Amino acid sequence: MQSVPIICVVDDDDGIRESLDNFLRAVGMEVRTFPSAEDFIAYRGDAGCLITDLTLPGMDGLSLQAELLRQGRDHPVIMMTAFATPAIRSRSLALGACAFVTKPLDPASLLALIEDALKTRQRDCDA
C-alpha cells in the first residue's frame, strides 16, 4: 500500500496556510503547515513536496531553498509569491524549484504542479 504524500506548506499568512491545508486534505493529501522557514528547517519529518512563500519574516523563500540544498534535503519545492519578477523567478528555479507560481493560486493548477512534483520525485527515487 502506497503512503499518502505529505505536503508541507510554509507561509506566514494564517489564512493561506489554513486554505491550502483544507484544500490539500480535501483531495486526500496529508499536510503539515509552518509559519516560518525556520520552523520548517527544524522539522525532521517527511516532505513529499514543499510549497513555500517567497516573502517570509526572517529567512525568505529563496534562502530557505538554499539552506535545504546545503542540508541535502532535496524534496520538490513550489515557490509562490504575490510579488513575482523575472529575476526572482529565475533565481528560484536556478535553486531547484520545480515550479514558481503567482498568488492568488488556482487550486486546480496547484494540484497539477504538486502531482507532477510527486511523480518526478518518485521517478528519481526509483532510478
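Residues take their numbers from the sequence shown, with the count starting at 1. The structure displayed is predicted, hence computed values, not measured ones.
Under the 4.5 Å side-chain contact rule for hydrophobic residues, Leu69 and Leu64 do not share a cluster. Under the 4.5 Å side-chain contact rule for hydrophobic residues, Phe34 and Leu54 do not share a cluster. Leu111 and Leu20 fall within a single hydrophobic cluster, where Ile, Leu, Val, Met, Phe, Trp and Tyr are joined by side-chain heavy atoms under 4.5 Å apart, directly or via other members. Side-chain heavy atoms closer than 4.5 Å link hydrophobic residues (I, L, V, M, F, W, Y) into clusters, and following such links, even through other members, never connects Leu95 to Val77.
Rounding to the nearest 0.5 Å gives a distance of 5.5 Å between CD1 of Ile51 and SG of Cys49.
In this structure the side chain of Leu68 never reaches within 4.5 angstrom of the side chain of Asp74, judged on heavy atoms.
Sorted by first and then second residue, the pairs that involve residues 51-64 and meet side chain to side chain donor-acceptor pair (under 3.5 Å), not counting sequence neighbours, are Asp53-Lys103, Asp60-Ser63. The list of side chain to side chain donor-acceptor pair (under 3.5 Å) pairs with a residue in residues 17-30, not counting sequence neighbours, reads Asp14-Arg17, Asp21-Arg25, Glu30-Arg32.
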Practice problem: Quick one: do Thr81 and Val101 satisfy side-chain contact (heavy atoms from CB on, under 4.5 Å)? Show the steps, please. | Solution: CA-CA 7 Å; Thr81 185; Val101 295; over 6 Å; no

Practice problem: Walk me through it: do Leu50 and Ile7 pass the test side-chain contact (heavy atoms from CB on, under 4.5 Å)? | Solution: CA-CA 6 Å; Leu50 169 64; Ile7 309 304; over 6 Å; no

Quiz item: Passes side-chain contact (heavy atoms from CB on, under 4.5 Å), Val10 versus Asp39? Steps please.
Solution: CA-CA 9 Å; Val10 179; Asp39 288 335; over 6 Å; no

Quiz item: Run the side-chain contact (heavy atoms from CB on, under 4.5 Å) check on Ile16 and Val9 step by step: do they pass?
Solution: CA-CA 9 Å; Ile16 290 175; Val9 176; 5.5 Å; no

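For Arg73 and Phe40, the positive end sits near the middle of the six-membered ring, less than 6.0 Å away and at most 45° from its axis.
Residues satisfying the side chain to side chain donor-acceptor pair (under 3.5 Å) test with Arg89, not counting sequence neighbours, are none.
Remark: the backbone N or O of Gly58 is not paired with any side-chain donor or acceptor of Glu38 at under 3.5 angstrom. Counting only distance, with no hydrogens or angles, the side chain of Ser92 and the backbone of Ile88 share no donor-acceptor pair below 3.5 Å.
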